[in-house]
Amino acid sequence: MAKKGQKVTAVRPQETPQVVTAQPNTPTNLIAGLIVFIVAILVYANTFGHGFVLDDPLAIGLNKNVTRGFQGIGDIISGSYRENSLGGQLYRPVALIQFAIEWGVSPNNPFIHHLFNVLWYGVVALMVFLVMDRWFDGKGKAAAFAAALIFAVHPLHSEVVANIKSRDEIMSLLFVLLAFWLFSGHLKKGNATNLVLSIVCFFLALVSKEGAVMMLPVFGMTAWWLHGRSTAESVKKGALFLIPVMLMFLIRYAIFGNTPAPAINIMDNPIVGATGWGERLGTSMTVLLKYLVMMVVPYPLSSDYSYLAFPLTGLGNIKAIAGLLVYAGLLIYAVRGIKRSNFLSLAIFGFLFAVFLYSQIPVIIGTLYGERLGFLPSFWFIGGIVYAISGIIGKSDSPSGSFASIVSGNKIFIGGILTLSLIYGFMTINRNPDWRDNFTLFTTDVAKFPMSVRLNNGAAEELIKAANPDIRSEKECSDLLARAEAHCQAIMKIKPVATAYLSMANIRLMQKKYDEAITYYDQVNDLKKIVDTGKAMAYREMGRQAGEKENDLAKSREMLGKSLALNAEDGETWFLMGVSFGVAGDHLKAAEYFEKAYGLNRDPNCARNAAMAYRNAGLPEKAAAFEKLVGQ
C-alpha cells in the first residue's frame, strides 16, 4: 500500500497501485463531460410533452405546500414528504422545494417539471464521469467516459427520469456523487473546504432520499482504497460523515417523534404475507437477482411490481438459489480483492451496500421491487463492469492525453461501448412514450405483467375514463368498457379488492345497468365517499328514467330522494326533483328544489325554472329575483 498522503490510481484487477504525478487534461474532461450531458438530454427529450403520471400528483398537484409555490417552502422544510405521512414517514424536502419553485414559475405545467428532471439527470450523468475520472486519477479516462455514457442511456433509468416524482432519486444520487467528488478532492489536495462541502452534500443527499445512508461506509473505504490513507485515518475521515446522518435522524425525530410508521400493505409489498423466514429470504434473493439481471438486460420494464406481479418464492426456487450463489460469489470476490485495493472489489461493495436496503432482508420497505430503486446501485454496477472490461481490452490513458487520442487508443473498447449505448439508447427512447399518460402506461404495462392487481386496476380506471360518450361513439365506448371489465375480472381471479368492485360499478353505471351498479357499489366497504357518490348517481339516473320514460312520478321521487340522501351536493338531482314536483303541479315545492339546484351549480336554467315556478306559485317578487339571475 502507498504511504499516507500519497496519491494513487484506482487500478485494474491485475495491477497494483502506482503513484500518479500527472494532472488531468481539463479540455478532455470538458469534451467528454459535455458529450455525456448532451446524450442524456437527447435520450429523454421525448418526455418533455408528457403529463403528470402515476404518483406525480401526490408529490405535486395534490401537495398543498407545493401548489403554494414559493410560499410553501417553509412548510416543506418543516413537514413530511406527504401530508399525513401517506406512504410512510418520509422526509425529502429537496425535490419538493424544487417542485414548489417550478410551480411558482409555471403553475400546473408538467413541462417545466419534466424539463428539470431531464436537465438534472444530465448533470448526474456528467458527475458519473467526473467521479470515475477522479477515482481513476486521470488514467482511466476511457473507462470513466464509457461508464458515464452507459449510465446516461441505460433503460432502467427511464422510470426515474420520466416519472417526475422520482426527482428525489435523481437529486439524492447527484449529491452523493458531489460528496464523493469533493471528498476525493480533499484527500488529493488537503483542502478543508472540500471536506466541509462534501459533508454538506451528503446531508443534502440524505434529505433528498434517505436511502443514501447506505453510502456512509464508502467515504472511509475510498480514503483507504483509492488514496492510500492508513486504516486509522480512513476510519476517522469516514466517521465525519456520521454528522449529517445523525442530523437527518434528529430532524426525522423532531417531525415524526415516536409515532410508529404505517403498516406495509400486502398490495404494495406482498412479502408481508410471506410464511416464515424461508419464504421471505427466498423472495429476497429472487428480488436481488432481479436487480442484477435488469442491470444487464433491462427488459421488460414496468411501472409496477406489487401484488402479484412478483410472486413469493421459497429458498428451494431456482431463482432464489441462483441469487444466493451469485451474491455469495460477489461478496467473496470483493473480500478477496481488499488486499490488492482492487477497484472492482470496491465497486462490488458499493453495489451491495446500495442494493441491500431494498432486498427486504434488513427491513420490509413499502414496495417489493422497483426500477427506480436500482438507480443508485446502477452507478456501482456500471462503473465496476465497465472498469473490469477496460482492464481486459482497454489501454491505460495518459492524464494529459486529448479526447481524440484516448478514443483512438481504445478503439475496440470504445467501439463496444458505443454499440451497447446505441442499443440501450434505442430501448430508452422507445420506452419513454409509455410514460406519456396513465392510460398509455397502465394499458402497456399490464400486457407485460397481467398478474399485477395494481396494473389491472389502473388500466380499468383509465379505460373507463376514456369511454366518454361526449367524444366517442357508442361502439367505441362499449369496446373500452368491455376491456375495462376484462381487467376487473382479472383482478377478481387474483385477489378481489374494493377498487375492482368500484370499477365494475362504474362500468355498469355507464352501461345504464343501474341495479347491477348499485349491487357492485354495495360490495365496496372502504371507499364510502366515492361509493356514495356513485350510488347517488345511479339512483339519480333511475329517477330520471322513471320520470321521463316511465311517467312514474312516485318512483322517480323515491329514487331521487335516495340519491340526495347519499349526496346532497349534486345540483342535477335537486333540479330533477324540482321537475317532478313541477309536473305534479306543486309549484312552490318545485321552486324550492330549483332554487337549491341553482345555489349548487349556478346554472341559468335552474334560475329560469325557479322563476317560472315561483310565478306559478303566486310569488312574483321571488320570481323577479330569479329572472334577474338568468342573464348573469
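Each residue takes its place number in the sequence, starting with 1. Atom set for the values below is all heavy atoms of this structure, side chains included, hydrogens, waters and symmetry mates excluded.
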Set of salt bridge (Lys or Arg N to Asp or Glu O under 4.0 Å) partners for [X], sequence neighbours left out:
X: K465; result: E462
X: R280; result: none
X: E169; result: K209
X: E461; result: none

Do the ring planes of Y369 and Y305 sit parallel (below 30°), tilted (30 to 60°) or perpendicular (above 60°)?
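Because their plane-to-plane angle is over 60°, the rings of Y369 and Y305 count as perpendicular.
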Could you tell me how the ring of F381 sits relative to the ring of F351: parallel (under 30°), tilted (30 to 60°) or perpendicular (over 60°)?
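Rings of F381 and F351: tilted, 30 to 60°.
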Working to the nearest 0.5 angstrom, can you tell me the gap between [X] [atom1] and [Y] [atom2]?
X: S359; Y: Y291; atom1: OG; atom2: OH; result: 9.0 Å
X: L344; Y: I385; atom1: CG; atom2: CD1; result: 7.0 Å
X: I491; Y: T499; atom1: CD1; atom2: OG1; result: 5.5 Å
X: M127; Y: F379; atom1: CE; atom2: CZ; result: 9.0 Å
X: I321; Y: L315; atom1: CD1; atom2: CG; result: 8.0 Å
X: N117; Y: H50; atom1: CG; atom2: NE2; result: 12.0 Å

Has [X] got a side-chain atom pairing as donor or acceptor with [Y]'s backbone, closer than 3.5 angstrom?
X: D55; Y: L58; result: no
X: Y91; Y: F256; result: no
X: S503; Y: A460; result: no
X: S80; Y: Q89; result: no
X: N438; Y: V53; result: no
X: S198; Y: N194; result: no
X: Q360; Y: T283; result: no
X: D445; Y: S303; result: yes
X: E233; Y: R229; result: no
X: S452; Y: A309; result: no

Are any non-hydrogen side-chain atoms of [X] and [Y] less than 4.5 angstrom apart?
X: L373; Y: I365; answer: yes
X: Y81; Y: N63; answer: no
X: L288; Y: V326; answer: no
X: K165; Y: R372; answer: yes
X: R454; Y: Y307; answer: no
X: E210; Y: L90; answer: yes
X: S158; Y: Y44; answer: yes
X: I266; Y: I271; answer: no

What are the two closest heavy atoms between [X] and [Y], and how far apart are they?
X: A147; Y: V386; result: N-CG1, 3.8 Å
X: L177; Y: V124; result: CD1-O, 3.8 Å
X: I348; Y: A334; result: CG2-CB, 3.7 Å
X: P244; Y: I199; result: CD-CG2, 3.7 Å
X: P93; Y: I77; result: CB-CA, 4.4 Å
X: F343; Y: G383; result: CE2-O, 4.2 Å

Apply the ring pair (Phe, Tyr, Trp, His ring centres under 6.0 Å) test between F151 and each candidate in W380, F37, Y424, F375; give the one that qualifies.
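Result for ring pair (Phe, Tyr, Trp, His ring centres under 6.0 Å) with F151: F375.
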Show the numbers, then the answer: is there a side-chain contact (heavy atoms from CB on, under 4.5 Å) between L455 and S302?
CA-CA 9 Å; L455 290 176; S302 174; 3.7 Å; yes
Quickly, which of K189, R134, H227 forms a side chain to side chain donor-acceptor pair (under 3.5 Å) with S184? Name it, please.
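The side chain to side chain donor-acceptor pair (under 3.5 Å) with S184 is passed solely by H227 among K189, R134, H227.
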Between [X] and [Y], do the side chains contain an N or O donor and an N or O acceptor separated by less than 3.5 Å?
X: S306; Y: D304; value: yes
X: S378; Y: H154; value: no
X: N342; Y: Y333; value: yes
X: R167; Y: Q98; value: yes

Quick one: do [X] and [Y] make a salt bridge, cutoff under 4.0 Å?
X: R431; Y: D434; value: yes
X: R68; Y: D75; value: yes
X: E371; Y: K290; value: no
X: D168; Y: R92; value: yes

F219: partners by ring pair (Phe, Tyr, Trp, His ring centres under 6.0 Å), with sequence neighbours left out
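F180, F183, F202, F241.
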Evaluation steps, side-chain contact (heavy atoms from CB on, under 4.5 Å), between Y121 and I41
CA-CA 8 Å; Y121 180 72; I41 302 299; over 6 Å; no
side-chain contact (heavy atoms from CB on, under 4.5 Å) between N269 and T367, worked out
CA-CA 5 Å; N269 189 346; T367 186; 5.6 Å; no
Does K495 NZ have over 12 foreign heavy atoms under 6.0 Å away?
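No.
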Side chain to side chain donor-acceptor pair (under 3.5 Å) against T286, all qualifying residues, sequence neighbours excluded:
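Once residues adjacent in sequence are excluded, the partners of T286 under the side chain to side chain donor-acceptor pair (under 3.5 Å) criterion are T313.
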Stepwise side-chain contact (heavy atoms from CB on, under 4.5 Å) check, L357 with V363
CA-CA 7 Å; L357 181 63; V363 63; 4.3 Å; yes
Show your working on ring-ring contact (aromatic ring centres under 6.0 Å, His included) between Y387 and F136 and close with a plain yes or no.
CA-CA 10 Å; Y387 188 80; F136 300 161; 4.7 Å; yes
Carefully, step by step, assess F349 and F356 under the rule ring-ring contact (aromatic ring centres under 6.0 Å, His included).
CA-CA 10 Å; F349 275 121; F356 183 61; over 10 Å; no
